[in-house]
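Working notes for the structure below.
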Amino acid sequence: MKLAKTAGGFNTKKEARESLQNAGFIATTVVVEALLKAACKIEVAHRNRVHNVILQRLGHVPKGLFALAADGKPVLLPKGIPSTRLAAVRVKAVAMVARSTMRYGAAGGHTIRVAFALDASKVSYTVTMDQNRDTYAGAYKGWSANEDHHRITVPQDWRLRVERKGLATLGGMMTLDAHPLMPDGNVLVYAATWARQGRGYDVKVDRGYIAMLGSEHFHADTAQAAIKGVRRKVKSVGAPARMTASPYALTVDAFVKRFAGRNLTVSVSDAHESGACDFGIRSWCEFVGLDYDDGEASLELVLQGFRARPQEEVRRAVLYAVRRQRAELKGLVG
């Protein structure tokens with residue numbers, strides 16, 4: 001047994017015989033076979049050591065503990081210590097939401113860096129523009145190209161406080177932090193910080209309140225305004241649509257096709273009346289290139305923006321504008 005353990009196994013009988021001879025033992029066939037069996041026993045013991053220890057301590061081996069992948073190889077944990085892997089998951093989650101809500105990717109490239117803070121006052125989202133002269137080649141070599149660098153700071157437990165509660169993206173805006181307050185009946189209220197798209201690659205950060213009622217939400221400067229806004233929004237959504245097929249069930253392309261070609265303007269007031277919050281309206285207008293300060297835009301431009309960035313609040317604003325026009329025409333005829 002000692003010889004077999006020292007050798008660490010044998011590939012052939014010849015190796016076993018030579019080991020016996022070098023150690024001063026006789027190398028008969030019986031002794032060689034005994035040495036090979038001893039080496040095999042030691043190898044099996046090493047291979048099943050973890051299994052035997054668990055069996056000895058628990059009396060059974062938990063099901064699935066030694067599961068294999070489809071190719072028959074053991075399923076291994078990702079590299080790195082648990083805290084490092086957890087940090088990577090947190091960063092990835094925040095970066096994915098940022099990419100889905102904000103404009104990024106200038107010609108010179110972009111970066112998104114995520115930091116975590118324990119103090120809510122340090123929560124922020126900033127974008128720094130830079131120049132890169134290595135982007136272009138050929139006749140344009142040396143020309144400068146813009147770079148956008150995003151720096152996002154969120155709470156350490158952002159995934160628990162925001163993402164898992166379904167608050168990560170609301171109205172095309174990214175929620176950076178949300179602290180739950182006392183609910184108002186069936187309305188959930190949060191003191192929150194959120195980021196919205198500005199002009200170009202600029203990002204605006206607002207602090208206020210978010211009210212949630214079912215799947216509807218509303219951003220406002222005060223808690224009471226948020227609560228009133230979400231209740232009005234839910235009431236507005238509940239208004240029946242006088243059409244053969246509900247426009248709320250249409251795909252983006254079908255919705256655009258149904259209302260394209262109408263001589264109609266959609267105003268900021270239409271969006272407000274249909275339940276959209278001012279922060280969300282501004283963010284959407286900046287993202288699709290419409291000027292919020294104009295107060296209105298043609299239905300054609302709004303539908304183009306809706307196709308580029310489809311949001312339910314935009315659909316409701318268009319429907320409200322259509323109903324408003326019908327009411328105005330009916331009043332003129334009457």
In this structure, would Y320 and L303 fall into the same cluster of hydrophobic residues linked by side-chain contacts under 4.5 Å?
no
hydrophobic_cluster_shared for I281 and W194, side chain cutoff 4.5 Å: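 Different clusters.
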Is there a donor in the side chain of S267 and an acceptor in the side chain of E296, or the other way round, less than 3.5 Å apart?
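Result is no, nothing qualifies.
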Between [X] and [Y], is there a donor-acceptor pair closer than 3.5 Å when you use the side chain of the first and the backbone of the second?
{"X": "S283", "Y": "M173", "answer": "no"}
{"X": "D148", "Y": "Y104", "answer": "no"}
{"X": "R323", "Y": "V318", "answer": "no"}
{"X": "N22", "Y": "E18", "answer": "yes"}
{"X": "T222", "Y": "A225", "answer": "yes"}

Derivation and outcome, salt bridge (charged side-chain N to carboxylate O under 4.0 Å, His left out), residues E313 and K233 | CA-CA 10 Å; E313 289 82 1; K233 191 173 185 179; 3.1 Å; yes
- Message: Under the criterion side-chain contact (heavy atoms from CB on, under 4.5 Å), I'd like the reasoning laid out for T101 against R309: C-alpha separation, chi angles, the key distance, then a yes or no.
- Response: CA-CA 10 Å; T101 54; R309 191 178 180 84; 4.1 Å; yes
What closest approach, in Å, do [X] and [Y] show between heavy atoms, and which atom pair accounts for it?
{"X": "I152", "Y": "A98", "answer": "CD1-CB, 3.5 Å"}
{"X": "Q325", "Y": "N263", "answer": "NE2-O, 3.0 Å"}
{"X": "G108", "Y": "N132", "answer": "O-ND2, 3.4 Å"}
{"X": "A211", "Y": "A226", "answer": "CB-O, 3.3 Å"}
{"X": "V189", "Y": "D184", "answer": "CG2-N, 4.4 Å"}
{"X": "Q197", "Y": "D202", "answer": "NE2-O, 3.0 Å"}

Salt-bridge contact [X]-[Y] (side-chain N to carboxylate O under 4.0 Å):
{"X": "R207", "Y": "D221", "value": "no"}
{"X": "K13", "Y": "E33", "value": "yes"}
{"X": "E216", "Y": "R316", "value": "yes"}

Determine, stepwise, if the pair D157 / R90 fulfils salt bridge (charged side-chain N to carboxylate O under 4.0 Å, His left out). CA-CA 9 Å; D157 55 350; R90 288 171 174 168; over 6 Å; no
Taking the six-membered ring of F279 as reference, does the cationic atom of R196 (NZ for Lys, CZ for Arg) lie under 6.0 Å from its centre and within 45° of its axis? no
Q.
Using the rule given for salt bridge (charged side-chain N to carboxylate O under 4.0 Å, His left out), can you reason through R282 versus D278, listing the C-alpha separation, both sets of side-chain angles and the distance that settles it, and then say yes or no?
A. CA-CA 6 Å; R282 289 178 180 273; D278 193 65; 2.9 Å; yes
**Prompt:** Is there a salt bridge (charged side-chain N to carboxylate O under 4.0 Å, His left out) between D206 and K204 once you walk through the steps?
**Reply:** CA-CA 7 Å; D206 301 297; K204 306 291 185 181; over 6 Å; no
- Query: Mind checking whether F259 and F255 have parallel, tilted or perpendicular rings, split at 30° and 60°?
  - Reply: tilted
- Query: Mind checking whether H150 and Y125 have ring centres under 6.0 Å apart?
  - Reply: yes
Please indicate whether M129 has more than 12 foreign heavy atoms, meaning atoms of other residues, nucleotides or ligands, lying under 6.0 Å from its CE. yes
Got a list of side-chain donor-acceptor pairs under 3.5 Å for residues 110-121, not counting sequence neighbours?
from: T111; atom 1: OG1; to: H149; atom 2: ND1; distance (Å): 2.7
from: T111; atom 1: OG1; to: R151; atom 2: NH1; distance (Å): 3.3
from: D119; atom 1: OD1; to: S121; atom 2: N; distance (Å): 3.1
from: D119; atom 1: OD1; to: S121; atom 2: OG; distance (Å): 3.1
from: D119; atom 1: OD2; to: S121; atom 2: OG; distance (Å): 3.0

